[in-house]
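Accompanying notes for the structure given below.
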Amino acid sequence: MLEDKKRYLITSALPYVNTVKHLGNLVSSLLPADILARYLRQRGEEVLAVCGTDDHGTPAEVSALEAGMPVEKFVEQMSLKQKDIYERFGLSYDIFSRTHTQENAELTQHLFLKLHKNGHIKEKEVRSLYCKNCKRNLPDRYVVGTCPNCKYEHARGDQCENCSKVLDGIDLINPKCIICGESNTEIKNENHLFLDLGGLEGKIKAWVDTHKDWPKTTSSIANSWLKEGLRPRSISRNIKWGIPIPLDGHRDKVFYVWFDAPIGYISISQQWAKQQGKPKLWEKFWKDPETYLINFIGKDNVPFHAITFPATLAGADDGIILADYIKAFQWLNYERLKFSSSQGVGIFTDTALELYPADYWRYYIMKIAPERHDTDFLWTEFRDSINNDLADILGNFVHRTLIFINNNFEGKIPTRNKLEKEDKDILSSLEEAAKNADSEMRKLEFQRTLLVIFDFARECNKYFQSKKPWADMKSNNTERAATTLNICAQCSRGLAVLLAPYIPFSSEEIFEQLNLKESIHKQSWFSVTEKILDGHKVKQEILPIFKKIELEEIIELGLKWGSESIKEVLEKNPNLDPLKKKKKHAPKKIKQKKKVEKVTKELISFKEFQKLDLRVGTIKTVEPVKDADKLVKIIVDIGTEERQIVAGIAERYKPDELIGKQIIVVVNLEPAKIRGVESNGMLLAASADPEISVLVPLREVPDGSKVR
RNA sequence: AGCGCGGUGGGGUAGCUAGGUUGUGCCCACAGGGCUCAUAACCCUGGGAUCGGUGGUUCGAAUCCACCCCGCGCUACCA
């Protein structure tokens, strides 16, 4: 719940620099921060909204390496690229900068030295793995080896996926570096710096406890950390790319990226102040308790914003305020999958803008914003939302109003006459909508705000429908029609003002069609109920504001990017499948030698597919099965165990061809006895009678690797 | 494994903190009707739910308690 304060400071989680972000990143911090900023500005509040890229850390280094560029240059380029995308999305920051700046380096070092002086920094010897080939320290994630607990040979350094024991990279037996794949590592002892969270626990707990109004997502994660007790957290890294540590004995190291990233909020504000020509101006926002500070983040970021960053600030004791509200979002999934930059799952911000206008995305992802729980981006729902809500409800209402005025009143807002009950009702609905939208917005309930506004838009259509101005015109009751249209014009204007934070481009367009001189973005929130002057001339040429999305378009996109929801549509209407259509038109293919079985049996869901546990295994032994010409008994190592399976491939393969090869095994197939021999699984092979081709992984992977 | 969040008609979502009329609301999809100013749009009506499961507390539970099942996330040098 927003409190009334003198000014508002809004931060969105700094997007990590190495890749273009996806819609999930947009919805959990960047976009809602913008919407709130726009709303507050409309209310005439003093607002500072800051953001920028998070530039440091190993992944940036690795990405730069892959791109064959110096880190510094790569990061700068990516930062500018992201900035450009966000501008095109209409994100209205006061400043969008980065963490690799002089300001951030100085401030980070300054706060660190204060923490050190105040006794909150500890030094500890840490044993870590070092890869002599890559000449870099290996984070736990970058190590594989044998699990000391269950002897699984391909355990990752952070956790063994076989016995699920939480590990430490140095515990692994025979550790291997993932980056170069070699086993040329050594254990190094290094002194590292730790932020002593334990000493600050009381302060953090008190601060968390006074904020009972935070979203569940925020407070439950914060409290669970506090409950377990805060332990010292390492803040130094032995890499080159980052902010140097200004302390003797550690000058060869840099700060761990989580330490300097949130400080970026402040240093970016300092940059903004300099741009304003008042270098001290940032203190007004960051050092005055009359400022209301809101962080927008995804749930993965809660520990940093609710525990470690406030601990940094509290420990440094430099007069910088802590957040008043931490709005944490859950995940936006893509068609029931996790959005993933590394695996290219989902829609990325640059692609999105190539496909549809920014407002389409802004509207839809805020409509499904994961405020309470994870939600799904579905192409079908995307289309439904744009077509129903934006085009039909909102767009069409404005459109029918303006066309009517143009056709019947020479394009001039007609004069309002005697009001009837329905007229008064719709006008009070407008006021009510503004009031309710306002109160939801102040609770930072983004979806509910949108619901309130669109409920009102629906009422507007009902009103138009029940007043039947077209019938009035026919029966020469022009005065009555004039009143109706006067009110509809006012409601159109009101809707534009209410929706301006969400769909700024479209709201502006409505204003243009209404031919209102001042930009929508200069309209005060309080002008929602304002009338348009009688006789004011609206634009002559009225075109639909929102173009609808055709089903075919969305099917194509869904097939291109992968989509469960589109598959369901095609299942119901197979004739919509463009692939099948093409087949119809394509000249008949030269007959294949063999009749290929029809590919499409019955569509199954991804979930059903996931029931199969397919693993990679190495064939250890192959023996013929007694009294069977076609069967062989195979022992295959699937990582966790050796399995005996029976396969009907004896006629086509000799044991020598098979032993040592990696194959793919269905490991959760129910056991069966074939010719008296027990078979616990099944190997995958292509059957092209009489030929049989056993499927093998193209590259060698650890036994037990999942196949999907 | 521990912790956190969630599981509501075909899809989505609200209601749960402070239990109360037969499972209420909203959006979409579906069926029927109306209207014709408008982007085949808008308006009205209707069908459809064991409120994840089991047990408990209570006069009464989607709502409280216990246990279980399922999905997702976090578990601290992966930002």
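Residue numbering restarts at 1 for every chain, and letters A, B, ... go by the order of the sequence lines.
- Classified by interplanar angle (parallel below 30°, tilted 30° to 60°, perpendicular above 60°), the ring pair A:Y334/A:F377 is parallel.
- If you check every strand for non-hydrogen atoms under 4.0 Å, A:G395 touches a base.
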Identify all pairs in which a protein N or O lies below 3.5 Å from an N or O of nucleotides 24-28 of chain B, and state each distance.
{"unit_1": "B:rC27", "atom_1": "O3'", "unit_2": "A:R458", "atom_2": "NH2", "d": "3.3"}
{"unit_1": "B:rC28", "atom_1": "O3'", "unit_2": "A:N388", "atom_2": "ND2", "d": "3.1"}
{"unit_1": "B:rC28", "atom_1": "O2'", "unit_2": "A:D384", "atom_2": "OD2", "d": "3.3"}

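- The closest side-chain heavy-atom distance from A:Y363 to A:F546 is not below 4.5 Å.
- Checked against side chain to side chain donor-acceptor pair (under 3.5 Å), A:S506 has the following partners two or more places apart in sequence or in another chain: A:D359.
- With B:rC77, B:rC72, B:rG15 as the choices, the nucleotide that has an atom nearest any side-chain atom of A:V126 turns out to be B:rC77.
- At a non-hydrogen distance threshold of 4.0 Å, A:Y256, A:V257 from residues 253-264 of chain A come into contact with RNA chain B.
- Here A:I307 lies out of heavy-atom contact (under 4.0 Å) with every strand.
- At a threshold of 4.0 angstrom between heavy atoms, the contacts of A:F546 include nucleobase atoms, whether or not backbone atoms are also involved.
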For RNA chain B, the dot-bracket pattern of Watson-Crick and G-U pairs whose distances stay under 3.5 Å, | for other-strand partners = (((((((..(((((.....[...))))).(((((.......))))).....(((((..]....))))))))))))....
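- Using a 4.0 Å heavy-atom cutoff across all strands shown, A:N396 reaches at least one base atom of the nucleic acid.
- For A:K367 and A:S385, the side-chain atoms include at least one donor-acceptor pair closer than 3.5 Å.
- Taking atom CH2 of A:W379 as the reference point, atom C1' of B:rA29 lies 20 Å away to the nearest angstrom.
- Counting only residues at least two apart or on different chains, the salt bridge (charged side-chain N to carboxylate O under 4.0 Å, His left out) pairs with a member in residues 472-489 of chain A are A:E420-A:R480, A:D423-A:R480.
- Note on A:K548: a base of the nucleic acid sits closer than 4.0 angstrom, heavy atoms only.
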Which protein N or O atoms sit under 3.5 Å from an N or O of nucleotides 30-36 of chain B?
{"unit_1": "B:rG34", "atom_1": "N2", "unit_2": "A:Q465", "atom_2": "NE2", "d": "3.1"}

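- Atom CG in A:D376 sits about 20 Å away from atom P in B:rC5, given to the nearest Å.
- Residue-level contact check: A:F464 touches the bases, meaning some heavy atom is under 4.0 Å from a base atom.
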